[in-house]
2 protein chains.
Amino acid sequence: MPKAANTGKKAAKPAKQTTAKATADFTPEAGRRVTSYDVARYAGVSQSAVSRCFKEGGSVSPKTRDKIMKAVRKLGYQPNAIARGLITRRSNMVAVIIANLRFYPETLAYLTSGLNASGNHVLLFSLDHESEVDRIIDQIWQYGVDGVIAGAHLSKKQIELFDQRKIPLVFINRLYRDIAANSVCCDQVEGERILVDRLVAAGHRSFAVVTGPSDSVVSQQRISGAVERLADLGINDVRVIEGEYDYDSGRRALRELADGAGGLPQAVVCANDMMAIGCMDEARHQLGLRVPEDLSVVGFDGVMQAAWSSYDLVTVRQPMQNMVEAAVSMLLSRIERPDLAPEKRMFSGEIVEGCSARLGTSR
Amino acid sequence: MPKAANTGKKAAKPAKQTTAKATADFTPEAGRRVTSYDVARYAGVSQSAVSRCFKEGGSVSPKTRDKIMKAVRKLGYQPNAIARGLITRRSNMVAVIIANLRFYPETLAYLTSGLNASGNHVLLFSLDHESEVDRIIDQIWQYGVDGVIAGAHLSKKQIELFDQRKIPLVFINRLYRDIAANSVCCDQVEGERILVDRLVAAGHRSFAVVTGPSDSVVSQQRISGAVERLADLGINDVRVIEGEYDYDSGRRALRELADGAGGLPQAVVCANDMMAIGCMDEARHQLGLRVPEDLSVVGFDGVMQAAWSSYDLVTVRQPMQNMVEAAVSMLLSRIERPDLAPEKRMFSGEIVEGCSARLGTSR
DNA sequence: TGAGCTATTGCATTCGAATGCAATATTAGG
DNA sequence: CCTAATATTGCATTCGAATGCAATAGCTCA
């Protein structure tokens, strides 16, 4: 039995000390969490020794370490990350802000495992609309996260705030031309331009584009990429329909096109895959059209559903796993070295040549 | 200009004090986070006053509150949740353990907003396989979360650990018959039995069931619900194929059935919707079968994709939003009152009468 | 055996906010 | 204008782990 070491906290109140000795043990009061002091008392060492046991390269003799670890196992001690964070100023938590979670679950899955692999944890903030960001910025700050990964749009002022407060921030798929912010993106404009080029080369002459919600910058980029490229190519028959990124709004968009004056275009360019899928379903099952023979539909993202053989969507696949890995490593290196200069990494999307659009000779 | 109040910490080192006075201000050192002491100094009050300003019903005069809030805004102060958590023993964080995140993104979205609404935050642990739980249990403990919501299987020992440590734990869709654990479930067995009843009533006599991964208890429940009910009804022509919950394994399962001896069954019962969708696609696009005329396919879950008109899946819709709300409120009330008795809430699933299976007269 | 090192150990303090208690300030009542 | 009651305020301590520094133990080598 270990001897009761005289290592109560500082000048612990005599009463307390006595009580501890009276009950002659080291079992923490029921319901209270086991602390490093409990372990120290049980093992007959000081609290600092216990602390050092949990520190890489901490100076502890094998004999002491052994005693301590035995006590740790016996009492079921786990260091308190909250208390540790207070003194080390490292919470090992990363805030993840993500909009449209329901459409892009893979992104979050990749993020979580990437961050966990390096001993970090994810404090999740999910937004239904990008414009809700305000609500959560303060909370992020309060939790003292070590860094932030954002898949949502922040205002210039908000970005500057993170900069002032020296909290590393990395965006995924949000590019800021005039702000020196870290980001990992897929080139939305390039991808959309190539996609449009292919459609035009294959003979399409009348178009419709279906946008995402108006507060989505990604949607704006994709749409303007498409519209501008079409204009470059001298095509002016372009209708614009507003969507909301989801399946239903894709269906609605196609219905609107069918009902509207001028009839259906030859190709529908959607700001994401979900809406493209909605368009296809509406076209095939409500309007009795053949896709791609009567109508070409293309999307953007390369979500798993796009590859399902009912759709086999022509789309631009974002290399999301690479992008997430890049974002995580970009963030982690900035947590280690806050002085690193801001950096932007841009990946190219890959055209997926499915069967939802006539793409001409190449297939 | 507010006068520098003499409220440095305790017997602050004279040197430090002097420095502060020399620079004649209250601006915290660059890069350091603004603390309640900084605010107090700037506003000429004590740190406790600042703290009380942020406490519901804290005793502060309007005049003082005003001064303090002005300082708060000026310095951009945000209370440090970590430090607060240390003393209050409330982190306002809830751990969410979720397996198969990529298949059930809605669940997480509902959870996040439900918890945020009550001022709680989500510390996310996502698992690729349920069996990885061990890895994260310790970490949850270290972060001192106020409670846990689990959409994954824990061992009896692990559940008891949470109980001992008085951390409320609520399961979603994991039912433990012989353990008094909190849970909110959809009745998997009942749903599957009703589904099977309908299929048999509509004349199906040969079946295949496609399971989920072997470590998924939910899959086991669904499958045994189906298999046992079929046995009850005197149907023994039931093949069992192992799947992995994803689209590809659904396709693979159907191929296996088609290639195997005995040819295709009349109905394929899948442990979830994703696999059912895979089955349908494989049947229609690879094997040229008509669904439901040549083959009936049913799933379980009621995910959004199941309702897409290309599939229009017959399935059991779990009232996931209700379930999540119930789980959140169950957890929150146990955080407030840890003595509440364990409780199980069971919701019934709703049969969705789609067109992927012949269901007979009712449609 | 003893001087000179190095490896362990413990002490005391720190991180930032919350809070019981005592000391003031304010107000009401007479 | 004074007393009693109430409302504000500040002081000092607490939460649990980490860490600089000083003290001690243990070891090497002459």
Side-chain angles (χ1 to χ4, degrees), chain A residues 5-13 16 28-29 32-41 43-68 72 75 77-92 141-144, chain B residues 5-13 16 28-29 32-41 43-68 72 75 77-92 141-144:
Chain A
N6 204 1
T7 40
K9 316 175 83 172
K10 309 178 196 179
K13 285 170 200 131
K16 203 167 182 180
E29 295 109 75
R32 233 195 69 247
R33 192 172 162 166
V34 179
T35 73
S36 59
Y37 286 95
D38 299 320
V39 174
R41 200 148 40 108
V45 299
S46 73
Q47 178 267 332
S48 3
V50 177
S51 170
R52 276 189 275 257
C53 248
F54 283 83
K55 189 185 176 182
E56 190 80 29
S59 165
V60 200
S61 71
K63 223 176 64 184
T64 313
R65 161 166 270 125
D66 204 60
K67 261 195 305 189
I68 295 178
V72 163
L75 301 179
Y77 169 74
Q78 294 283 137
N80 180 331
I82 299 287
R84 169 182 295 163
L86 190 56
I87 185 90
T88 60
R89 290 142 185 292
R90 270 293 185 83
S91 62
N92 290 313
W141 180 241
Q142 294 187 3
Y143 274 89
Chain B
N6 202 359
T7 39
K9 317 177 81 173
K10 311 180 194 178
K13 286 174 199 127
K16 203 167 183 180
E29 294 110 75
R32 235 196 67 246
R33 191 173 163 166
V34 179
T35 73
S36 59
Y37 286 96
D38 298 320
V39 175
R41 201 145 42 106
V45 299
S46 73
Q47 178 267 331
S48 1
V50 177
S51 170
R52 275 189 275 259
C53 247
F54 284 83
K55 187 183 180 181
E56 190 79 29
S59 166
V60 199
S61 72
K63 223 177 60 184
T64 313
R65 161 166 271 123
D66 204 60
K67 261 194 305 188
I68 294 178
V72 163
L75 301 180
Y77 169 74
Q78 294 283 137
N80 180 331
I82 299 286
R84 168 182 294 164
L86 190 56
I87 186 90
T88 61
R89 289 144 183 293
R90 269 296 183 83
S91 63
N92 290 313
W141 181 241
Q142 295 188 3
Y143 274 89

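Everything numeric here is computed off the predicted structure, so don't read it as measured data. A, B, ... follow the sequence lines: proteins, then strands. Residue 1 opens every chain.
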Side chain of [X] - closest among [options]:
X	options	result
V45(B)	dG10(D), dA17(D), dG16(C)	dG10(D)
S36(B)	dT8(D), dA17(C), dT8(C)	dA17(C)
S59(B)	dG10(D), dT9(D), dG16(C)	dT9(D)

Going by the rule side-chain hydrogen bond (donor to acceptor under 3.5 Å, both in side chains), which residues pair with T64(B) if we only count those two or more places apart in sequence or in a different chain? S61(B)

Sequence neighbours left out, what passes side-chain hydrogen bond (donor to acceptor under 3.5 Å, both in side chains) with S51(B)? Give chain and number order. none

Taking it one step at a time, do T35(B) and N80(B) satisfy side-chain contact (heavy atoms from CB on, under 4.5 Å)? CA-CA 8 Å; T35(B) 73; N80(B) 180 331; over 6 Å; no

Check the distance between [N]'s [atom2] and [X]'s [atom1] and give it to me in whole angstrom.
X	N	atom1	atom2	answer
Y37(B)	dA17(C)	OH	P	8 Å
I68(A)	dG10(C)	CD1	C1'	12 Å
R89(A)	dA17(D)	CZ	P	18 Å
F54(A)	dG16(D)	CZ	P	15 Å
R41(B)	dA17(C)	CZ	P	13 Å

Determine the contact category for S61(B): base if any of its heavy atoms lies under 4.0 Å from a base atom, sugar-phosphate if only primed atoms, P, OP1 or OP2 are that close, otherwise nothing. sugar-phosphate

Using a 4.0 Å heavy-atom cut-off, does V60(A) contact any base of the nucleic acid, only the sugar-phosphate backbone, or nothing at all? sugar-phosphate

Return the OH to CH2 distance between Y77(B) and W141(A), rounded to the nearest 0.5 Å. 11.5 Å

With a 4.0 Å limit, can you tell me whether Y77(A) has a side-chain N or O closer than that to the phosphate oxygens OP1/OP2 of dA17(D)? yes

Check this one for me: any side-chain N or O of S46(B) less than 4.0 Å away from OP1 or OP2 of dT9(D)? no

All heavy atoms of Q142(A) vs all of R33(B), minimum pair found to be O-NH2, 3.5 Å

Could you pull out the closest heavy-atom pair between V60(B) and R65(B), with the gap in Å? CG1-N, 3.8 Å

For nucleotides 19-28 of chain D, list the nitrogen or oxygen atoms of the protein found under 3.5 Å from its nitrogen or oxygen atoms, one pair per line.
from: dT19(D); atom 1: OP2; to: K55(A); atom 2: NZ; distance (Å): 3.1

Side-chain donor/acceptor of S91(B) to backbone N/O of G144(B), under 3.5 Å: yes

Toward the 5' end of DNA chain D, by each residue's nearest nucleotide, L86(B) or T64(B): T64(B)

